[in-house]
Every structure is written in C-alpha cells, then in structure tokens.
Amino acid sequence: MVDKEKLEQSLAKLMDAVAECEGLIAADNQGNVIIGQTLSEMDHEKIVKDCLNIIKNCDIVGTDIAKGKLQDIT
C-alpha cells in the first residue's frame with residue numbers, strides 16, 4: 001500500500017521543481033485516485049478515466065499493427 005502522505009509530499013516537490021507543471025494525479029491500475037494536486041479545480045476522477053482509455057486504445061492499436069502493447073508514456 002502506498003503511503004498517501006509521502007506520495008503527497010513527493011507530488012508537491014515535483015510540482016515545485018517543474019514550473020510548467022499544472023497538476024499531478026496518482027491513481028491505481030483500476031482508476032482509483034490516490035491523490036491529486038492541480039493548480040485549478042479539476043475533475044481528477046474523469047482525468048484518470050480518460051487516461052486509462054488512452055492507454056487501452058494505444059494497446060489496441062499496437063496489437064492491430066503487430067507492435068505490441070504500450071510500453072511508455074511521457
């Protein structure tokens with residue numbers, strides 16, 4: 001299990017270190033938000049669900065073109 005307090009501190013440090021960063025969300029593989037920090041009010045649950053859909057669709061495309069599943073996202 002993730003220590004939510006440590007994760008929150010890590011996200012805050014990362015946001016401070018990267019000036020362009022407007023927010024970070026940590027979620028589990030099922031799409032449950034663990035912690036979210038954004039500069040403005042955003043729907044963290046919806047963002048995570050949308051990201052999971054992107055990953056799913058990339059896996060489908062990779063399989064369709066015989067290149068395999070998604071490996072990295074930046």
Side-chain angles (χ1 to χ4, degrees):
M1 187 69 185
V2 175
D3 182 334
K4 191 173 177 178
E5 189 172 310
K6 285 184 182 180
L7 185 56
E8 188 172 19
Q9 291 171 357
S10 294
L11 292 182
K13 285 181 186 178
L14 185 54
M15 282 186 68
D16 288 344
V18 181
E20 297 81 11
C21 182
E22 294 185 22
L24 296 167
I25 301 170
D28 64 17
N29 290 341
Q30 287 74 45
N32 301 305
V33 174
I34 299 168
I35 187 79
Q37 297 178 350
T38 51
L39 295 179
S40 61
E41 188 65 34
M42 295 184 177
D43 186 345
H44 299 163
E45 299 279 339
K46 182 170 180 351
I47 292 168
V48 168
K49 283 182 177 52
D50 291 342
C51 289
L52 287 175
N53 283 330
I54 290 169
I55 292 168
K56 177 184 170 192
N57 290 331
C58 287
D59 282 345
I60 292 169
V61 170
T63 300
D64 288 349
I65 63 173
K67 296 295 182 182
K69 291 190 173 199
L70 180 69
Q71 297 292 318
D72 298 301
I73 296 177
T74 304

Enquirer: Apply side chain to side chain donor-acceptor pair (under 3.5 Å) to T38 and list each qualifying residue two or more places apart in sequence or on a separate chain.
Expert: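 For T38, the residues satisfying side chain to side chain donor-acceptor pair (under 3.5 Å) (neighbours in sequence not counted) are H44.
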
Enquirer: Name the atoms and distances for all side-chain donor-acceptor pairs under 3.5 Å in residues 5-25, with sequence neighbours left out.
Expert:
from, atom 1, to, atom 2, distance (Å)
S10, OG, K6, O, 3.1

Enquirer: Among all residues two or more places apart in sequence or in another chain, which pass the side chain to side chain donor-acceptor pair (under 3.5 Å) test with D50?
Expert: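 Checked D50 against side chain to side chain donor-acceptor pair (under 3.5 Å); matches are K46.
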
Enquirer: For the hydrophobic clusters of this structure (ILVMFWY residues joined by side-chain heavy atoms under 4.5 Å, transitively), does one cluster hold both V48 and I55?
Expert: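 No, it is not one cluster - the side chains of V48 and I55 are not joined through contacts under 4.5 Å.
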
Enquirer: Hydrophobic cluster membership, with links at side-chain heavy-atom distances under 4.5 Å among I/L/V/M/F/W/Y: are I47 and V33 in one?
Expert: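 In one cluster with I47: V33, yes.
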
Enquirer: Under the side chain to side chain donor-acceptor pair (under 3.5 Å) rule, collect the residues that match up with D28, sequence neighbours excluded.
Expert: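 Per chain and number, D28 pairs via side chain to side chain donor-acceptor pair (under 3.5 Å) with N32.
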
Enquirer: As an exercise, state the distance from CD1 of I54 to CG of D59, rounded to the nearest 0.5 Å.
Expert: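 Reported value, rounded in 0.5 Å steps: 12.0 Å.
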
Enquirer: If the condition is side-chain contact (heavy atoms from CB on, under 4.5 Å), which residues does N57 pass it with, not counting sequence neighbours?
Expert: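 Expected list: I60.
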
Enquirer: Salt bridge (charged side-chain N to carboxylate O under 4.0 Å, His left out) with K56: which residues, sequence neighbours excluded?
Expert: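 Salt bridge (charged side-chain N to carboxylate O under 4.0 Å, His left out) list for K56, sorted by chain: empty.
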
